[in-house]
Amino acid sequence: MKEQNHKINHEDDRPVVPIAGIVYGDIIYWGTITATFIVIAGSVMTFVTDNNYIDPSYLLSSIWEGRTVEQIWTDAVGAQPNGHWYLSQLFTGNGLMAGGIALGVFSVIPGILGAAFMLFKEKQFLFGSLAVIAAVIIMTAIVG
Amino acid sequence: MTALLKRVPELTLLILVTILAYTIMAAFSQMSGTETLTPMVAWAIVIGSFVLSTIIAIVAVLGGVGGGVIFTPVMLGFTSIDTLLVRSTGLVVAMFSGLVSSGPFMRKGLADIRIVFYCAIPIIIGAMAGSQVAIELSENMGETGDAIVRLLLGGILVFIALMFILGGANTEYPKPKKIDKLSKKLKLKSGYWEESLGKTVHYHATRAGLGSILFLIVGFTGGFFGLGGGWAVVPVLNLVMTVPLKVSAASSGVLLAIGNAAAIWPYFMKGALIAVFAAPWMIGQVIGGILGAHILAKVKASFVRNMLIALLILTSLKLIVRGVEGLLGIDIPLL
């Protein structure tokens, strides 16, 4: 592990910020902001068009009435989904919103891998490996 | 505020686009009313969720707890929305302020990338297990399961509040009495520029082994209850591993994002995350998360702690009452 990532810059006594952290933070930051714009577009589409996978009025009413997730899906499309249902519905309001949220969550993967690359480059093999393991576990969760 | 908006143009753009979008949604709504909700009420719920979410995100980022700690107990305590739905949306609320604040925190050197990756593995494994168990419990135990969830969550919140109270003011810059062998080997030491003191604060994390065991438990409860786990990440980093409070808060947000990125997928794939409900909460978390991340460097940490303690105690009371009501079938006239 290199100590130089944490050495002090004597000019103003401020510690040098590790580049791996900056790479990680920037990828996730911009990924999340992009995802947010997609979710906003999906929200507008949901409200101002009738191009929706499930009627949003029905969804919001059912949620507010305290109906269970299973009841909501069963009454709307016949069964609860079991997988990435939104991928085939990306051109509908509901699908675009869900896809945007999923993209925001997914941005963690390139963020971690980018940071891992920088950590390996700095010869911080332990923390680089931990980052790769974290990315693999999350990808396993995505695949289901 | 104006200076911040000038310094962070993407935040300005996000706020403007959001305002425009919600205006268009109100003016040109094609939604049909139902017996429960008129189109206007539906819009009001969406805009109300967005505003609340933004406020929660600012508080959550300042406290390093993740918005789920506020959102999930409040929704479970004060609404009749399905617990699985609340918990899945709670993870969105818990993680998005953490996701977006990762950028500013890492650039300022407040979040420690090595501590984050060291703690991430146990949190992720625990969170995935927790969310799977939550879905199983919901499918098999119905209303009794809901009551048990509320009661347990109420108890956990009391515990969290006590941890913050007993931690006291000495936790802002803790000094370890002894650094154990594992922590020395991992070299979990660093420093950050403390703006409120005008100097660099150096630290060396300790008890790395105990920390990783605790993070496994934290991850499980976070995934199970939809709290995100941030409630305990700060105390474990700060009280157990002796990391300064501000670094704990910032690293917690980043850790939350990683842990919840794994926990959220089982909910997502089972349709337990309904986008029309979760979207305004997500947007609010992103805008509030950026605001909170830029404010954190300047505020007194004790202010945030006191605010959180009050909120946690109030919400835990309501949750315990609702849990007991659900289990015993009685009505307790409180709150």
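Remember, it's a predicted structure, so these values are computed and weren't measured experimentally. Proteins come first, then strands; the chains are lettered A, B, ... in the order of their sequence lines, and each starts at number 1.
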Practice prompt. Please test A:Y24 against A:M118 for side-chain contact (heavy atoms from CB on, under 4.5 Å), starting from the C-alpha separation and ending with a verdict.
Written response: CA-CA 9 Å; A:Y24 172 83; A:M118 295 315 297; over 6 Å; no
Sort [X] into side chain, backbone, both or neither according to what part of it lies under 4.5 angstrom from a heavy atom of chain A.
X      : answer
B:I45  : side chain
B:M31  : both
B:V46  : side chain
B:L99  : both
B:M25  : both
B:L20  : neither
B:I124 : side chain
B:V100 : both
B:L37  : both

Worksheet item: How far does NZ of B:K189 sit from OG of B:S183, to the nearest 0.5 angstrom?
Response: 12.0 Å
Item to complete: Supply the atom-to-atom distance A:L90 CG to A:H84 NE2, rounded to the nearest 0.5 angstrom.
Response: 12.0 Å
Contacting region of [X] [heavy-atom separation from chain B under 4.5 Å]:
X      : value
A:A102 : both
A:A135 : neither
A:I109 : neither
A:W64  : both
A:D55  : side chain

Would a 4.5 Å heavy-atom cut-off, applied to side chains only, mark [X] and [Y] as touching?
X      : Y      : value
A:I137 : B:M128 : yes
A:L59  : B:F277 : no
A:S62  : B:I274 : no

Discussion item. Quick check: closest heavy atoms across A:P18 and B:I113, and the distance to 0.1 Å?
Written reply: CB-CG2, 4.3 Å
Item to complete: Verify whether one side chain among B:Y192 and B:D112 offers a donor that lies under 3.5 Å from an acceptor in the other.
Response: no
Worksheet item: Can we call the ring centroids of A:Y86 and B:F268 under 6.0 Å apart?
Response: yes
Worksheet, complete the sentence: Expected contact set for residues 91-99 of chain A against chain B at heavy-atom separation under 4.5 Å reads A:N94, A:M97, A:A98
Worksheet entry | B:W265 side chain to A:V143 backbone, donor-acceptor under 3.5 Å | no
Worksheet item: Counting heavy-atom pairs under 4.5 Å to chain A, which of B:M95, B:Q285, B:Q30 comes out on top?
Response: B:Q30
Discussion item. For B:K199, is there an ion pair with B:E194 - N to carboxylate O distance below 4.0 angstrom?
Written reply: no
Practice prompt. Could you walk me through whether B:Y118 and A:F127 pass ring-ring contact (aromatic ring centres under 6.0 Å, His included), step by step?
Written response: CA-CA 7 Å; B:Y118 174 72; A:F127 293 101; 7.3 Å; no
Response to the item:
Among A:I54, A:T46, A:D50, A:V44, the residue with the most heavy-atom pairs under 4.5 Å to chain B is A:V44
Worksheet entry | Top contributor to chain B interface from A:E70, A:Q80, A:Q71, A:M139 [non-hydrogen pairs under 4.5 Å] | A:Q80
Practice prompt. Test A:W85 against A:Y53 for ring-ring contact (aromatic ring centres under 6.0 Å, His included), laying out the working first.
Written response: CA-CA 10 Å; A:W85 62 270; A:Y53 179 47; 5.6 Å; yes
